[in-house]
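In what follows, every chain begins at residue 1, and chains take the letters A, B, ... in the order their sequences are listed. Predicted model, so just to flag it, every value in this text is computed and none were measured.
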There are 2 protein chains.
Amino acid sequence: MARDTRERILDTALTQFATRGVEAVAVTDLEDGAGLKAGSGSFYRHFRSKEDVLAAVVDREVERAEQRRQARPAGDLAEEYAQALAALDALRPLVAMLVRDGARLPHLDRVRAVLAEGGVQLDAGRLQERMDAGEVPARDAVAVAAVVQMALVGHHLAERFFGGLGVDRDRFVAALADLVGR
Amino acid sequence: MARDTRERILDTALTQFATRGVEAVAVTDLEDGAGLKAGSGSFYRHFRSKEDVLAAVVDREVERAEQRRQARPAGDLAEEYAQALAALDALRPLVAMLVRDGARLPHLDRVRAVLAEGGVQLDAGRLQERMDAGEVPARDAVAVAAVVQMALVGHHLAERFFGGLGVDRDRFVAALADLVGR
DNA sequence: GTCTATAACCAGATAGAC
DNA sequence: GTCTATCTGGTTATAGAC
């Protein structure tokens, strides 16, 4: 019991909301997961309601993501895409909550913004620069950026919802970089 | 009241499960949506339980999808991809239920199979043939097919969960076909 | 801050009249 | 086949002892 109870409730709420959905998780489950007696109501010494703890979970996760945010590296396309997939991994619980309980989440705009910055929305402007510099073949940069974004997000979601792809991550990223770069 | 009550219950269950999630939909909501008195229990003259109606909804939707299934057209890449997106549109409720309540769905394997056939899983073998025939540049066909699949699925999901892309469908499909074909 | 106990409510499901 | 009425169990939330 190193961390205090409020933090333990937030931890168990994050994992349970992300894996089972908000509706399926009872306050008694959160008490149990935090080491409190289920049904004791001790939860309510720390949060006013289930909606309240949901908002706090989303807030904390968005703030953590904003702190992790950093300048994009200057590597090649494959490195850039691999890094975007890694960023999506770190956002996994937030993605899961958005997908399962999107309409119910507080601060939906902030959630979408942090997901976009964190790896979902690759910069079309940067791709255009690469095309202008002759690093990659010239195409419709905005549309290609969208295709790349969707491929990365799709890959992330496929691992979760479709049981994987049969193509490992390195091979996927290499093929994507090859398509854009050659 | 043209169709019989059982069908009306299935219809309202499909839309409500897909949009709000199974857990959030009460049996009384299904009664209400089917024109029965909410709380009357008339639902139970047609289905044994909520789990039972969920199974029936999934079954009906999978069977409909299997009947829609048809030979893939011999058009060019862009036509092929546009058709895959249209197939995904028709599968929208099933996709929504899989994403929201995947673990709870009965016949999960059949659901995944029909989604794969219906537009998610494009044929890597066919792409390889195109590469062998010189129609498109030679690359890692299996990995490229995976990228294409994920881009299409990601596009479909983005419209639903991220409020669209800022790139319309034709432009997206054209960019994808250009990447693979040139 | 956690517990026992409980109130108030809602959802799933059943019995039986019509 | 639909209704009224009801049972049962689970969930949110509160009161008050320790």
Side-chain angles (χ1 to χ4, degrees), chain A residues 1-60 96-97 100-107, chain B residues 1-60 96-97 100-107:
Chain A
M1 299 289 181
R3 298 170 334 298
D4 75 357
T5 303
R6 188 188 155 88
E7 287 298 305
R8 291 202 313 276
I9 293 174
L10 286 173
D11 293 342
T12 194
L14 176 67
T15 58
Q16 293 196 53
F17 287 165
T19 55
R20 296 164 54 210
V22 175
E23 197 96 22
V25 177
V27 169
T28 56
D29 296 330
L30 299 180
E31 288 173 332
D32 200 41
L36 300 169
K37 169 103 182 192
S40 67
S42 296
F43 167 90
Y44 293 97
R45 297 282 172 177
H46 303 275
F47 298 96
R48 276 193 310 251
S49 66
K50 201 168 119 177
E51 220 56 40
D52 188 31
V53 75
L54 173 62
V57 161
V58 171
D59 267 357
R60 192 181 68 162
M97 284 193 285
R100 285 195 75 120
D101 297 291
R104 187 173 179 170
L105 291 194
H107 313 126
Chain B
M1 298 287 179
R3 298 172 329 300
D4 75 357
T5 303
R6 186 188 157 89
E7 287 298 305
R8 290 202 314 276
I9 293 174
L10 286 174
D11 292 342
T12 194
L14 176 67
T15 59
Q16 293 198 50
F17 287 165
T19 55
R20 297 165 53 210
V22 174
E23 197 95 22
V25 177
V27 169
T28 56
D29 296 329
L30 299 181
E31 287 173 332
D32 200 40
L36 300 169
K37 169 104 182 189
S40 67
S42 295
F43 167 90
Y44 292 97
R45 296 282 170 179
H46 303 275
F47 297 96
R48 275 192 310 249
S49 67
K50 201 166 118 176
E51 220 55 41
D52 188 30
V53 76
L54 173 62
V57 162
V58 171
D59 266 358
R60 193 182 67 162
M97 285 193 284
R100 287 193 74 120
D101 297 291
R104 188 172 179 171
L105 292 194
H107 313 126

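- Between the A/Arg48 side chain and the A/Asp52 main chain, no donor and acceptor come within less than 3.5 Å of each other.
- Within the 4.0 angstrom heavy-atom criterion, only backbone atoms of the sugar-phosphate kind lie near A/Val25; the bases stay farther away.
- The CD atom of A/Glu31 sits 12 Å away from the C1' atom of C/dG1 (whole-angstrom rounding).
- Following rounding to the nearest Å, A/Arg6 (CZ) and C/dT2 (C1') show an atom-to-atom distance of 17 Å.
- Atom pair A/Phe43:CZ and D/dT14:P shows a separation of 11 Å (rounding to whole Å applied).
- Taking for each of B/Leu36 and B/Gly39 the nucleotide of DNA chain D with the nearest heavy atom, the 5'-most of the two is the partner of B/Leu36.
- Taking 4.5 Å as the limit, some side-chain heavy atom of A/Ile9 sits within range of a side-chain heavy atom of A/Phe47.
- Between the CD atom of B/Glu51 and the C1' atom of C/dA13 there is a distance of 14 Å, rounded to whole Å.
- The phosphate of D/dC3 (OP1 or OP2) has a side-chain N or O of B/Ser42 nearer than 4.0 angstrom.
- The backbone N or O of A/Gly39 lies less than 3.5 Å from a partner atom in the side chain of A/Glu31, making a donor-acceptor pair.
- Judged purely by atom type and a 3.5 angstrom limit, A/Arg100 has no side-chain atom pairing as donor or acceptor with the backbone of A/Ala18.
- Atom C1' of nucleotide C/dA13 and atom NZ of B/Lys50 are separated by 13 Å, given to the nearest angstrom.
- Between B/Ser40 and D/dT4 there is no side-chain polar atom (N or O) within less than 4.0 angstrom of OP1 or OP2.
- With rounding to whole Å, B/Asp4 atom CG is found 9 Å from D/dT2 atom P.
- A sub-4.0 Å separation between OP1 or OP2 of D/dC3 and a side-chain N or O of B/Lys37 is absent.
- Here C/dT14 presents its P atom at 15 Å from CZ of B/Phe47, a figure rounded to the nearest Å.
- Going from atom CD of A/Glu23 over to atom P of C/dG12 covers 11 Å, rounded to whole Å.
- In terms of heavy atoms, B/Asp101 sits closest to B/Gly21 at OD2-CA, 3.5 Å.
- At a cut-off of 3.5 angstrom, the base of C/dG16 holds at least one donor-acceptor pair with the side chain of B/Arg45.
- Distances shorter than 4.0 Å separate none of the side-chain N or O atoms of A/Tyr44 from OP1 or OP2 on D/dT14.
- OP1 or OP2 of D/dT2 sits under 4.0 Å from a side-chain N or O of B/Thr5.
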